[in-house]
Amino acid sequence: MNNSSVDASRFALVAHDARKDEIVEWVGLQQSRLSGVQIFSTGTTGGRIIKAFPELNVTCLKSGPLGGDQQIGAMICEEKLDALIFFVDPLSPMPHDVDVKALTRLATVYNLPMACSRSTADLIVNGLLDEDASTRA
């Protein structure tokens, strides 16, 4: 964890348009594990997660194109996140390609676990949340 004084894990969840349904579905599959996680999400993605799972602790930032990606980047730099789950659509043209590269670069520089697919997101959730449980016991 980046900040041991914080009890709840802090995850950023972001998804490109073509993968928003998939990230909402993934959150549903991980809902019980994510119930103790503080989630930060870009505007549209976060709004969809809140609508589907209002009991989760979700903070919506700006929409990605309006600065939400930069807000998440700042949180990475300030070490206010424990993981970044970013469901990228690799098959569509990315008008925000620069933002994607910036988040990937920052996650790498700050050694932040980052997932771009469902399988790696599962590994991050299992690894980090199992780690939390073992350090609290």
Side-chain angles (χ1 to χ4, degrees):
M1 292 295 159
N2 292 334
N3 186 346
S4 59
S5 66
V6 176
D7 288 330
S9 294
R10 301 150 304 169
F11 288 12
L13 302 182
V14 183
H16 283 142
D17 288 344
R19 299 206 52 207
K20 288 190 191 310
D21 289 341
E22 184 179 357
I23 202 165
V24 171
E25 180 182 325
W26 176 81
V27 168
L29 295 171
Q30 292 287 350
Q31 183 178 359
S32 64
R33 305 285 313 273
L34 294 174
S35 64
V37 173
Q38 186 176 5
I39 298 170
F40 298 91
S41 190
T42 50
T44 307
T45 302
R48 291 187 60 182
I49 293 169
I50 289 170
K51 184 176 179 183
F53 309 104
E55 63 282 356
L56 292 179
N57 181 7
V58 180
T59 300
C60 287
L61 305 172
K62 301 240 182 236
S63 170
L66 298 178
D69 294 331
Q70 284 79 10
Q71 287 178 293
I72 288 176
M75 293 178 78
I76 294 170
C77 293
E78 294 169 358
E79 299 186 17
K80 292 183 177 178
L81 292 174
D82 298 303
L84 170 61
I85 310 295
F86 192 170
F87 283 16
V88 177
D89 178 15
L91 302 178
S92 297
M94 290 190 263
H96 316 298
D97 191 45
V98 173
D99 298 327
V100 173
K101 287 179 181 173
L103 287 178
T104 301
R105 182 175 44 255
L106 288 172
T108 303
V109 167
Y110 287 92
N111 199 29
L112 181 73
M114 177 179 175
C116 294
S117 68
R118 187 180 280 206
S119 60
T120 53
D122 288 341
L123 289 170
I124 286 173
V125 165
N126 293 336
L128 289 180
L129 297 181
D130 286 347
E131 174 185 299
D132 277 355
S134 67
T135 59
R136 288 185 191 141

*Asks:* When you check the gap from the basic side-chain N to the acidic O, do Arg10 and Asp82 get nearer than 4.0 Å?
*Replies:*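 A salt bridge is present here (some side-chain N lies under 4.0 Å from a carboxylate O).
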*Asks:* Do Leu81 and Phe40 have side-chain heavy atoms sitting under 4.5 Å apart?
*Replies:* yes
*Asks:* Please tell me if the side chains of Ile50 and Cys60 come closer than 4.5 Å, counting only heavy atoms from C-beta onward.
*Replies:* yes
*Asks:* CG of Leu106 to CG of Leu112: how many Å apart, nearest 0.5 Å?
*Replies:* 9.5 Å
*Asks:* List in chain and number order the residues that pass side-chain hydrogen bond (donor to acceptor under 3.5 Å, both in side chains) with Gln70, two or more places apart in sequence or in another chain; answer none if no residue qualifies.
*Replies:* Asp99
*Asks:* Apply side-chain contact (heavy atoms from CB on, under 4.5 Å) to Asn57 and Val37, showing your working.
*Replies:* CA-CA 7 Å; Asn57 181 7; Val37 173; over 6 Å; no
*Asks:* Supply the atom-to-atom distance Lys62 NZ to Thr44 OG1, rounded to the nearest 0.5 angstrom.
*Replies:*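 Separation between the atoms: 12.5 Å.
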*Asks:* Is there a side-chain contact between Phe53 and Val27, using heavy atoms and a 4.5 Å cut-off?
*Replies:*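 SC-SC contact between Phe53 and Val27 confirmed.
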*Asks:* Check step by step if side chain to side chain donor-acceptor pair (under 3.5 Å) holds for Ser117 and Thr120.
*Replies:* CA-CA 6 Å; Ser117 68; Thr120 53; 3.1 Å; yes
*Asks:* Stepwise, does the side-chain contact (heavy atoms from CB on, under 4.5 Å) test hold for Trp26 with Val125?
*Replies:* CA-CA 11 Å; Trp26 176 81; Val125 165; 3.5 Å; yes
*Asks:* Just to verify, what does Glu78 make a salt bridge (Lys or Arg N to Asp or Glu O under 4.0 Å) with, not counting sequence neighbours?
*Replies:* Lys80
*Asks:* In chain order, what residues pass the salt bridge (Lys or Arg N to Asp or Glu O under 4.0 Å) check against Asp17, with sequence neighbours excluded?
*Replies:* Lys20
*Asks:* Could you tell me whether the side chain of Cys77 reaches within less than 4.5 Å of the side chain of Tyr110, counting heavy atoms only?
*Replies:*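 Tyr110 reaches Cys77 side chain to side chain.
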*Asks:* Among residues two or more places apart or on two chains, list those pairs meeting salt bridge (Lys or Arg N to Asp or Glu O under 4.0 Å) that have a residue in residues 106-123.
*Replies:*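 Non-adjacent pairs meeting salt bridge (Lys or Arg N to Asp or Glu O under 4.0 Å): Glu22-Arg118, Glu25-Arg118.
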*Asks:* Would you call Gln38 and Phe11 a side-chain contact if the rule is heavy atoms closer than 4.5 Å?
*Replies:* no
*Asks:* Between Thr42 and Val14 (side chain of the first, backbone of the second, donor and acceptor by atom type, cut-off under 3.5 Å), is there such a pair?
*Replies:*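 Here the side-chain-to-backbone pair does not exist.
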*Asks:* Flag yes if Phe87 and Leu91 sit in one hydrophobic cluster, no otherwise; membership is Ile, Leu, Val, Met, Phe, Trp, Tyr, and two members link when side-chain heavy atoms are under 4.5 Å apart.
*Replies:*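 No, no single cluster joins them.
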*Asks:* Of all residues at least two apart in sequence or in a different chain, which pass the ring-ring contact (aromatic ring centres under 6.0 Å, His included) check with Phe86?
*Replies:* His16
*Asks:* Got a sec, which pairs hit salt bridge (Lys or Arg N to Asp or Glu O under 4.0 Å) with one end in residues 39-53, sequence neighbours left out?
*Replies:*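 For residues 39-53: Asp21-Arg48.
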*Asks:* Does the distance from a Lys or Arg side-chain N to an Asp or Glu carboxylate O, for Asp130 and Arg33, drop under 4.0 Å?
*Replies:*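 Here Asp130 pairs with Arg33 in a salt bridge, since their nearest N and O are under 4.0 Å apart.
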